[in-house]
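Please read the structure below before turning to the comments.
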Amino acid sequence: MSSTQTTEVSEPRVVHLEDLKVMVGGQGGDGTLTVINLLSHALKQIGAYTYDTRNVLSRIRGGHADGVLRASVRPILSIGDGLDVLVAFDEEAVEVAKEQLLDHAVVIYDNSHSQLKTVLKPTVKVYSAKFGEIAGLELKKTLLKNTVSFAVLCRVLGLADQLAEEAINWRYARRGGDVLQSNLQALKIGFRLADQLGVKPSISFPKTEPKQGLIQITGDEAVGMGFIAGGGRFYAGYPITPASEILEYLQANLPKFNGVALQAEDEISAINMALGASLAGARAMVATSGPGQDLMTEGLGQAGMAEIPLVIVEVQRAGPSTGMPTKHEQSDVNHVVFAGHGDFPRLVVAPADASDCFYLTVDALNLAEKYQLPVFILMDQALGQNTQTVPEFDFSRVNIDRGKLLTQADLNRISVYKRYEFTEDGVSPRTILGTPDGFFQVTGNEHNEWGFVSVDRINRAKIMRKRMLKVEAAKKDMPRGRVYGDQDARVGFISYGSNLGPILEAMEQLGKQGFKTKFLLLRSIYPLLEEVQEFLESVNTAFVVESNLTGQLAGLIRREYGYADKIVRINKYDGSVFRPSDIVSQTLSQLPRNGGE
Amino acid sequence: MSSTQTTEVSEPRVVHLEDLKVMVGGQGGDGTLTVINLLSHALKQIGAYTYDTRNVLSRIRGGHADGVLRASVRPILSIGDGLDVLVAFDEEAVEVAKEQLLDHAVVIYDNSHSQLKTVLKPTVKVYSAKFGEIAGLELKKTLLKNTVSFAVLCRVLGLADQLAEEAINWRYARRGGDVLQSNLQALKIGFRLADQLGVKPSISFPKTEPKQGLIQITGDEAVGMGFIAGGGRFYAGYPITPASEILEYLQANLPKFNGVALQAEDEISAINMALGASLAGARAMVATSGPGQDLMTEGLGQAGMAEIPLVIVEVQRAGPSTGMPTKHEQSDVNHVVFAGHGDFPRLVVAPADASDCFYLTVDALNLAEKYQLPVFILMDQALGQNTQTVPEFDFSRVNIDRGKLLTQADLNRISVYKRYEFTEDGVSPRTILGTPDGFFQVTGNEHNEWGFVSVDRINRAKIMRKRMLKVEAAKKDMPRGRVYGDQDARVGFISYGSNLGPILEAMEQLGKQGFKTKFLLLRSIYPLLEEVQEFLESVNTAFVVESNLTGQLAGLIRREYGYADKIVRINKYDGSVFRPSDIVSQTLSQLPRNGGE
Amino acid sequence: MGVSEVPKVFTPQTPIWCPGCGDFGVLAALKKALNDLKIPPHETILVGGIGCSGHIHNDLLVYGYHSLHGRLLPTAIGIKLANPRLTVIAAGGDGDGYAIGGNHFLHALRRNPSIVYLVMNNGTYGLTKGQPSPTAQIGFEGTKEIPFEPILTALSIRSTTFVARGFSGNQVQLQFLIKEAIQHANAGKGFAFLDVLSPCVTYNDTYAEWRKSTVDMNADKSFDPTNRALVFERVLNTLQEGKIPTGLLYKGESPSFESMQLKDPASPIATQDLTPAGKIEEFKKLIARYR
Amino acid sequence: MGVSEVPKVFTPQTPIWCPGCGDFGVLAALKKALNDLKIPPHETILVGGIGCSGHIHNDLLVYGYHSLHGRLLPTAIGIKLANPRLTVIAAGGDGDGYAIGGNHFLHALRRNPSIVYLVMNNGTYGLTKGQPSPTAQIGFEGTKEIPFEPILTALSIRSTTFVARGFSGNQVQLQFLIKEAIQHANAGKGFAFLDVLSPCVTYNDTYAEWRKSTVDMNADKSFDPTNRALVFERVLNTLQEGKIPTGLLYKGESPSFESMQLKDPASPIATQDLTPAGKIEEFKKLIARYR
Ligand SMILES: Cc1ncc(C[n+]2csc(CCOP(=O)(O)OP(=O)(O)O)c2C)c(N)n1
Ligand SMILES: Cc1ncc(C[n+]2csc(CCOP(=O)(O)OP(=O)(O)O)c2C)c(N)n1
Ligand code: SF4
Ligand code: SF4
Ligand SMILES: [Mg+2]
Ligand SMILES: [Mg+2]
């Protein structure tokens, strides 16, 4: 058939990889992410750990879009460097991927629109066919080219046809007969094309039994699940990339637990609804990204001043302003730590992988109620939207601590109940609406212990200190950071969030080049804990790695602990995640002459 | 007449003061601030420099309210310590003032409701009469008690009756006949009561010719005037204490200059209206306080990202949240410097007195257009609302620099016009709407030089740097700080805004006690300038003085320059301004053993 | 409350309002209505806005919350959804509700949550010293904008179920309206919107004017408060005659927000047992699709 | 534009919309209207919202501004006041305008600035992948809220002067309406509000449905677009019959915002000479009362 063609390459030998990187690229709406999703499922069945990222535009159809899937025999949290396979629905995708293609790479190219013109290394094998045109002709749906190409991809990787079929079933079974059937047919067409193209397995990944107790999940979904497990029952949001998935997850699942997830008219409404629900006694949360967070600033201060427990998820995207909605960045540290007029208490935790997303959400709910303040869960686009393989969450580890929440029985035992009573740790006993003897006045105006407006100077100074005391008190409960690498290395990294994976891999590469390093992964961003000082004391050079231009985390650390002479910044702010190689090269180029020793 | 009474004090001798402090206190609605205003005008006529503060509740009538007026033969910017005269409309006012009354103090007390019960030092002279009752009986308007008491006050201070009358005329002439007449009558009643009470001048202030070229004005009004002089023609606001006066000033005066000052439906609308007007070519400004600033956060980022010139006045009040709307604080430094997601350029200038308010507003307008970004004018309640005596503004010093604003003539000379062209200093040429060849696309999305949405990685990194470059470039134009005191002192103060006055007086007092000090008054808060480092280098101890709990400015300085070992914080956060004595005592108690040397 | 002599909880405050302020009448009528209807105080939450009016929650022995300026409705909705058993009353000013809070007003009308919304409408921003609000008459403090008429806008939302206007100078009518509103909301019928003309004697003393211009639409027996289009027309015409329509102006039916959103309104979210112990199996089902 | 071959300024972009998106029809009609009316491009500013629809400003050679989500109206009003000579067209989505931007919509209707407001109404949030907007029909993506009807709400504001609805599938009518809207605004008559049914073929393909359910109210000669109450009733009834009223639905008179706010609308703020030199005497008058 003239629509298929294969470039001749000398040896048809199979490359065995324990670490496989596949990109699928095309135009928005081509279904590139679907192919990633299907392959990811199939690879999990043969025992792989997977991780994927998306690179899409803020438009629904058209414009370059791609996804990268990495599979490994070890847990991974980065897309790594280089590409082994590329599925390209157009020339642009090949252009985008070109630089990353490894010598042994295989390219599967849809030439429905045009023959491939890009010149690739001669060692790269290319299979071309009119996937889209054929799907359009045979199935009346050009879009099924994604499933067609998936079939060819599976053959290139030597995956059993049955595994591919299973992936299709897994994904489309719920969608009903028609969709499932046409996708199964598309798969068959794909296999036929692969035969016609003479596709031989040229890249193979070790096949083992699927590992038990692992799940593939995004950070956003993990937060949603953590919220439900942690007793969260009221969620209000407003659609925004890359946090909408939390709204969607909770709209689908919270009702099962008799909870509610609302789409408000805007973010201001969302946060105030959540404040109301929290006041009534529900564990409440909102989630948003930068622009929505701006609008929530006033509500944040209200939670701080009125001492209303609230969890706020901030999934950072590339700012400022509308910025690049679908792109990765970590440039809202300053905002979550400092936004809002006046001094008020808040906490900021930062999960680094999907497990953290689950468990730290539970922690955040507890912290919010225990210390009666707003708690941020600071995430980033890559953490929120990328799918990764992590151990199944252990629900038996979930513990709910509502802090000083008085029931009527508790109230019977005391003679006076003041909502804002002065206490040693700054935390006053709280009641929920409807408690017969628990009447309160809660307000964002300055107030006395009863909650009545007060501008008395002595009261003011005292109650300001009371509120801030809670940040100190909370330190003991804040999630500790994790230290990786060589304990006695004198070169260190400090970072958080989705940088975990790239940094660990960079450290491995640096290690191979003879550089000993260690790494403090922060999980409490505000307040910073003593661990930061200890770590800084223990190194000569600390690279603070973050996806932003101005070094916001580095600035925060300098503000709290000084050490300006030791702190060196590694920043990326082009909208893409760190690759291990970015960190290696920036480390080497910025390392003091003596190698940091 | 039995309604008047005078406590007997031994000597009727006159105390001569070159520095006079008068408090007028009562319930909200008693017109205490009116008495302050009248006296302030009268004292100006005899050559005094005046300064006043208000202490009112966030309610319209009732609750304690007072004003303090200070008059001096020298320029002053603080209420100082102690009180020479108290006019009290109720017992509570006496209670509030009691501690501050100096030995020679005179109290004028309205006993319409009750006889004075508070026990005062025996040296304090008290004149009591039923000012309110009498005004009610004779003029059918109890509220005229304020003018009645003003007459007695003038007699106590030995001010000519004619001076008092002139003050009444000055204040009420515009208000029309009735109001003016009844106040003049009230004044007469007051003189009569003073006679009956046997009031003798017991405190005197040097009488000279009124000093020419001085005005009494608040910071808010000075900003309004600076805006008009600096070519500002579009203002949008929403009422909020203590910034409403700017809206009111501009609504009254901007139309005279063919400009417009709007009251929007909220602060979000206000800032977006201003962005629109600026885009069209008008010099535009908004003003607000903490809660409104929270809501303007997203608009702020838009100005930064889309590079739209905008001036934002932030008159800080006691936060967080609704807080204490009428009270003083300086706790929004973190917010103005760091709020908003993503990294974008902004500038923050901080005037310290009414002159600064005028001139720095002009500067801010120039900076905003020259660097095409949002510029904050950071004020505080005391600076915004207190009336002070400053030299008349020199309009001939006003210079308007619109930066790279291309006219059609300019456009005729170039072949391509790109709104976001890359340039050396990061500033791209700008056009205003309606220019025949000046078409642009302006957007808060990331964009290329044309202003079209772009997520190209190379462009992204480059244009992020371009925008931030402007902050560096602007340093040369930012208002410099001022250094006061002893050049070679090793103990220094760093502060800004209305703390200028109290610190200067504290330094004088410290000087008398043998402590040499100096003081860097910051007028650029962001970016901080090299002057900060130089100053820190030159001292052993730097007290950072600010009205907030957490030391926000101190934190900012540590973040930029380190010196954690030298920086000591002096904070006040009870809603009242610093008095010189607060600073003296905190300095002495925190000064290292060796006196900071 | 407990039996102790010394109160166990806060003692309501004396209002901060100027003598003669219309809000005193609103407070009085509200107290009367709550008493007459025997609403349990501890199951009542009064959400105040920011403004003179917004301080009302301090003056009653019920649960009180002082929300952000303009945000009382989302807060009240959050409360109602978390615990539909509560009597939820939002009360604030016209600046609060129709200026900065206008969007929440629109969407609350549309969603129809079963809460009472009392607006103390004085045509001005009292607490910030008398600027014109969206309902200010043209010319007041130099305003040049046509006043907003919340009644018409409420009628324009097809899911409104209770639209009324009272006058703080007419206690009998006001008490009746507040009672009706509370009963409407507490029966789960939806959003009870009650605009109350409440003069600001300090900055915009409209007592005399409003005494003259208010008309009780319910006095006319031909007035049918269930015909939306007709009510719209009558209200519009009355306004055009320079009169202000008051009374229970519209009553309709539409599902309440909480009945639509909650799986089991009878079992409040807020009082659920959250311990994970008994739910582990259910939780595990969440995991299944990620395996 | 200049005479050079290479364009001196930006070249309009190809729309980012999905093939078949209703917004193409809106863009086409807008282009036609601007051309037919010979509006000078450089005196025209198109303010886009945030959403698929909001990208429209990239696709024409006029001045373009991409505002914040929901904030296109305040921006457009700021522009108009600064320079009333400009043709100011705000164009965005229904999420942008009726959800997050609802308050600005209300107050723009009330203030009546002479700008055109085009809403590309598709009942969904296209750009964030298909969540229900306030105008979504019940059941769409699980929504349980009664849809917002902007036409009724616009009618409820007594100072509205131009209320219309088009359908991107009816080019003839849409071109007519856009032209009318631009002429209304450019004659300084006030706010020209035009809701355009513009299907989102990807998430909420309502083409077929809307082709059936739209009715051109102007086709009925008895329809009088100047009687507010009657229009309200007719629109309400039409909706209750399951039909969607389109056409020029209301036209009235009320002073425009810029005519009320500006001292001299003929001399735009934006193009004033700001040099202080000639104004020193006037400035000094400001000082007088502070002496
Ligand atoms: C975000 C924000 N902006 C402005 C204010 C200042 N503010 C306090 S009360 C008020 C208006 C009050 O008017 P209204 O709601 O009519 O209440 P009233 O005092 O008339 O009862 C304003 C603008 C604020 N508290 N928060
Ligand atoms: C403050 C803020 N919140 C949320 C978003 C995310 N967002 C972008 S477009 C959009 C909705 C778009 O819907 P609509 O206005 O109807 O436009 P359409 O795409 O349907 O044309 C949202 C919620 C944002 N940009 N800013
Ligand atoms: S200012 Fe007006 S609204 Fe406020 S309390 Fe006084 S009378 Fe009432
Ligand atoms: S997603 Fe919908 S609204 Fe957006 S471009 Fe596609 S069809 Fe149009
Ligand atoms: Mg009001
Ligand atoms: Mg839409």
Side-chain angles (χ1 to χ4, degrees), chain A residues 214-217 221 225 228-229 231 233-234 236 253 255-260 262 264-266 268-270 272-284 298-299 302 392-393 395-396 398 400 411 415-417 432-445 450-453, chain C residues 1-2 4 6-11 13 16 40-43 45 47 50 55 57-58 61-68 71 73-83 85-86 103-104 106-107 261-264 267-272 274-276 279-280 282-287 290-291:
Chain A
L214 292 183
I215 52 174
Q216 289 173 320
I217 194 166
E221 291 162 328
M225 215 181 282
I228 295 178
R233 292 296 176 269
F234 187 94
N253 294 292
K256 297 178 197 160
F257 296 84
N258 210 356
V260 65
L262 295 176
E265 63 272 28
D266 64 13
I268 296 177
S269 180
N272 282 285
M273 284 180 177
L275 287 173
S278 177
L279 214 54
R283 289 197 143 187
E298 200 193 10
Q302 175 81 346
E392 282 191 14
F393 306 139
F395 293 101
S396 70
V398 171
I400 288 180
L411 287 163
S415 55
V416 178
Y417 168 58
I432 66 169
L433 295 179
T435 314
D437 280 357
F439 289 99
F440 59 62
Q441 289 289 344
V442 164
T443 171
N445 281 58
W450 294 111
F452 284 122
V453 173
Chain C
M1 265 220 286
S4 52
V6 184
K8 183 164 193 159
V9 294
F10 71 83
T11 308
Q13 298 264 295
I16 62 157
H42 72 276
E43 292 186 351
I45 163 90
V47 182
I50 298 290
H55 279 260
H57 65 91
N58 291 308
L61 189 69
V62 297
Y63 277 92
Y65 177 60
H66 206 165
S67 73
L68 286 169
R71 315 304 172 192
L73 284 177
T75 323
I77 293 173
I79 293 171
K80 187 74 190 182
L81 285 177
N83 191 347
R85 289 199 198 145
L86 300 173
N103 201 28
H104 310 307
L106 268 190
H107 289 278
Q261 293 292 340
L262 298 175
K263 215 185 145 196
D264 180 8
S267 143
I269 289 177
T271 56
Q272 271 182 57
L274 303 181
T275 38
K279 300 188 194 74
I280 305 275
E282 266 180 279
F283 288 154
K284 284 196 177 152
K285 283 188 208 148
L286 295 175
I287 286 284
Y290 298 98
R291 285 213 181 92

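Just so it is clear: chains get the letters A, B, ... in the order the sequence lines come, proteins before strands, and each one is counted from 1.
Judged by distance alone, with hydrogens and angles left aside, the side-chain atoms of Tyr290(C) form no donor-acceptor pair with the main-chain N or O of Glu392(A) at under 3.5 Å. In terms of modelled atom types and a separation under 3.5 Å, the side chain of Lys279(C) and the main chain of Phe257(A) share no donor-acceptor contact. The backbone N or O of Gly438(A) sits less than 3.5 Å from a side-chain atom of Tyr63(C), completing a donor-acceptor pair.
Heavy-atom distances place both the backbone and the side chain of Leu433(A) under 4.5 Å from chain C. Heavy atoms of Leu68(C) lying under 4.5 Å from chain A belong to its backbone as well as its side chain. Contacts of Pro268(C) with chain A are absent, with no heavy-atom separation under 4.5 Å from either backbone or side chain. Residue contact with chain A, scored on non-hydrogen atoms closer than 4.5 Å, involves the backbone and the side chain of Leu286(C) alike. Proximity to chain C is limited to the side chain of Asn253(A), based on heavy atoms less than 4.5 angstrom apart. Residue contact with chain A, scored on non-hydrogen atoms closer than 4.5 Å, is absent for Leu73(C).
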Derivation and outcome, side-chain contact (heavy atoms from CB on, under 4.5 Å), residues Asp266(A) and His107(C): CA-CA 10 Å; Asp266(A) 64 13; His107(C) 289 278; over 6 Å; no
If you apply the rule side-chain contact (heavy atoms from CB on, under 4.5 Å), what do you find for Ile287(C) with Phe395(A), and how did you get there? CA-CA 10 Å; Ile287(C) 286 284; Phe395(A) 293 101; 3.6 Å; yes
Are Glu265(A) and His104(C) close enough, and set up right, to give a side-chain contact (heavy atoms from CB on, under 4.5 Å), and what steps lead you there? CA-CA 8 Å; Glu265(A) 63 272 28; His104(C) 310 307; 2.9 Å; yes
Does the pair Leu81(C) and Met273(A) meet the rule for a side-chain contact (heavy atoms from CB on, under 4.5 Å), with working shown? CA-CA 9 Å; Leu81(C) 285 177; Met273(A) 284 180 177; 5.8 Å; no
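Contact tally against chain A (heavy-atom pairs below 4.5 Å) for Leu274(C), Val62(C), Ile45(C): the top residue is Leu274(C). Ranked by heavy-atom pairs shorter than 4.5 Å toward chain A, the options Gln261(C), Glu43(C), Arg71(C) are led by Arg71(C). Between chain C and the options Gly434(A), Gly281(A), Gly451(A), heavy-atom pairs under 4.5 Å are most frequent for Gly434(A). Note: Ile217(A) leads Ile432(A), Ile400(A), Leu214(A), Ile217(A) in heavy-atom pairs under 4.5 Å with chain C. Per-residue heavy-atom pair counts under 4.5 Å with chain A were compared for Asn103(C), Asn83(C), Ile16(C), and the maximum is reached by Asn103(C). Of the residues considered (Pro41(C), Pro40(C), Ser267(C), Gly64(C)), Gly64(C) shows the highest number of contacts with chain A, using heavy-atom pairs under 4.5 Å. The residue among Thr435(A), Asn272(A), Asn445(A) with the most heavy atom pairs within less than 4.5 Å of chain C is Asn272(A). Considering only heavy-atom pairs separated by less than 4.5 Å from chain A, the leading option among Gln272(C), Lys285(C), His57(C) is Gln272(C).
With contacts defined as side-chain heavy-atom distances shorter than 4.5 Å, the pair Val416(A)/Lys8(C) does not qualify. Looking at Leu275(A) and Tyr65(C), their side chains come closer than 4.5 Å, going by heavy atoms from C-beta outward.
In terms of heavy atoms, Ala229(A) sits closest to Pro276(C) at O-CB, 4.4 Å. The two residues Ala280(A) and Ala270(C) have their closest heavy-atom pair at O-CB, 3.2 Å. Between Trp450(A) and Val9(C), the closest heavy-atom pair is CZ3-C, 3.5 Å.
Ring centroid separation for the pair Phe10(C) and Phe440(A) does not come in under the 6.0 Å cut-off.
Within the model, atoms CG of Asn58(C) and OG1 of Thr443(A) stand 7.5 Å from one another, a figure rounded to the nearest 0.5 Å.
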